[in-house]
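These notes concern the structure reproduced below.
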Amino acid sequence: RVLAPYLACFGSYEDGIITRVKGVREKVMAAKERGIRFLILPQPNVHEVQSLIAECSIIAYPVGPLKEVLECIAKGLTGLLQEILRDPIPPDDVPPDWPSVRNEIIQNLQRNESVNLVVPRTIKSRQLINGLRDDFPADFGIVDLQSPATATRRGFVTEILKAFGIPVAIPAEPGEDLVVLGDMLSERPVSRLALLHFDLVKDREKQYGNDLFAALRALMEPRKLVLLIQSRTHLAKLLPSDNPLSPFTINPIELRGRE
């Protein structure tokens, strides 16, 4: 039974005890397909699916007496999951592939490979991206292009450095902003940067110029900079062919909604 988004339980009840059930592997696989991250199951079934649960990235909570289930539920979904999981809990309208997409993003970022997260307009992804701070606490920054501060190239560069705790004054001279950006980020082992609402760059080609994207690519090639680009449109369709980022390998990942 699905108790609430991302939480489910199964088992038989007899004399106040949650007892073993059959078909437990099929139940775990079904839970994975539904995006369940947290599963309450009978203690006697745990050894049957221990490795499968790990493969499915599901957190198992074995229970015996019925009171353990009641205590678990009584804590409330939000408090319980935040106690056991580091991940933020997605909203009720989260698409079913949130866990798999999140894991795929993390795997790419761990390999220092840039990602284009393509998100339909009907789906919110900010909470998913915010949660990545827990996985990369020392080197993950977020810049939202909807912020008025990013309207100019100098402002955009300033926001990038601020995202990594680098409050440096950006020179007004043309080109010096990119020199500072390159120098500051080159000194760091790696900087993982999420750029939200990247579709807006299409309207800022004159303000940003190709030099900005060339500077970003120069940092990405030695993997000093790793990008997580969130957009509504695939990057391949968003950027013109002469943009310095166009030929660069940025792995596309789609966050799909319910069918």
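For reference, positions follow the sequence shown, starting with 1.
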Original post:
Got a donor-acceptor contact below 3.5 angstrom from the Ser125 side chain to the Leu128 backbone?
Top reply: no

Original post:
Ser186 side chain to Gly182 main-chain N or O, any donor-acceptor pair under 3.5 Å?
Top reply: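 Yes.
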
Original post:
If you count the non-hydrogen atoms of other residues, nucleotides and ligands that lie under 6.0 Å from CZ in Arg188, is the total more than 12?
Top reply: yes

Distance-minimising heavy-atom pair for [X] and [Y]:
X	Y	result
Phe136	Ile106	CZ-O, 4.0 Å
Glu254	Val101	O-CG2, 3.5 Å
Pro65	Ile17	CA-CD1, 3.9 Å
Arg217	Pro247	NH1-CG, 3.1 Å
Leu235	Asn116	N-OD1, 2.9 Å
Asn210	Pro244	O-CG, 3.5 Å

**OP:** Begin with the C-alpha distance, continue with both residues' side-chain angles, and end with the deciding distance and a verdict on side chain to side chain contact (heavy atoms under 4.5 Å, CB included) for Glu113 and Ile250.
**Re:** CA-CA 7 Å; Glu113 296 179 2; Ile250 299 179; over 6 Å; no

Would you give the length of the straight line joining atom [atom1] of [X] to atom [atom2] of [Y], rounded to the nearest 0.5 angstrom?
X	Y	atom1	atom2	result
Arg25	Met29	CZ	CE	8.0 Å
Leu161	Leu185	CG	CG	5.5 Å
Arg223	Arg111	CZ	CZ	9.0 Å
Leu117	Asn108	CG	CG	11.0 Å
Leu212	Gln207	CG	CD	11.5 Å
Leu216	Leu193	CG	CG	8.0 Å

Could you tell me if the side chain of [Y] sits less than 4.5 Å from the side chain of [X], heavy atoms only?
X	Y	answer
Phe198	Leu239	yes
Ser231	Val119	no
Arg153	Asp177	yes
Leu196	Ile229	no
Leu245	Met220	yes

Between [X] and [Y], is there shared hydrophobic-cluster membership here, with clusters defined by ILVMFWY side-chain heavy atoms closer than 4.5 Å?
X	Y	answer
Val118	Val115	no
Ile253	Leu238	no
Leu228	Phe213	no
Leu195	Ile105	no
Leu227	Val201	yes

**OP:** Using the side chain to side chain contact (heavy atoms under 4.5 Å, CB included) rule, take Phe140 and Ile129 through it: C-alpha gap first, then chi angles, then the decisive distance, then the call.
**Re:** CA-CA 10 Å; Phe140 190 79; Ile129 294 173; 4.2 Å; yes

In terms of side-chain geometry, is the basic nitrogen of [X] or [Y] positioned less than 4.0 Å from the acidic oxygen of its partner?
X	Y	result
Arg192	Asp139	yes
Lys237	Asp199	no
Lys224	Glu187	no

Subject >> Side-chain donor-acceptor contact under 3.5 Å, Ser114 with Asn251 >> reply: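 The criterion, which ignores hydrogens and geometry beyond distance, is not satisfied for Asn251 and Ser114.
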
Original post:
Does a donor on one side chain and an acceptor on the other come within less than 3.5 Å for His197 and Asp144?
Top reply: yes

Subject >> side chain to side chain contact (heavy atoms under 4.5 Å, CB included) between Leu225 and Val190, worked out >> reply: CA-CA 6 Å; Leu225 176 64; Val190 64; over 6 Å; no

Original post:
Lys202: what forms a salt bridge (Lys or Arg N to Asp or Glu O under 4.0 Å) with it, not counting sequence neighbours?
Top reply: none

Original post:
Where do Ile160 and Ile166 land on the side chain to side chain contact (heavy atoms under 4.5 Å, CB included) test, with the steps shown first?
Top reply: CA-CA 9 Å; Ile160 292 175; Ile166 308 174; over 6 Å; no

**OP:** Using side chain to side chain donor-acceptor pair (under 3.5 Å) as the criterion, list what pairs up with Arg204, not counting sequence neighbours.
**Re:**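 With neighbours one apart ignored, the set is Thr150, Tyr208.
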
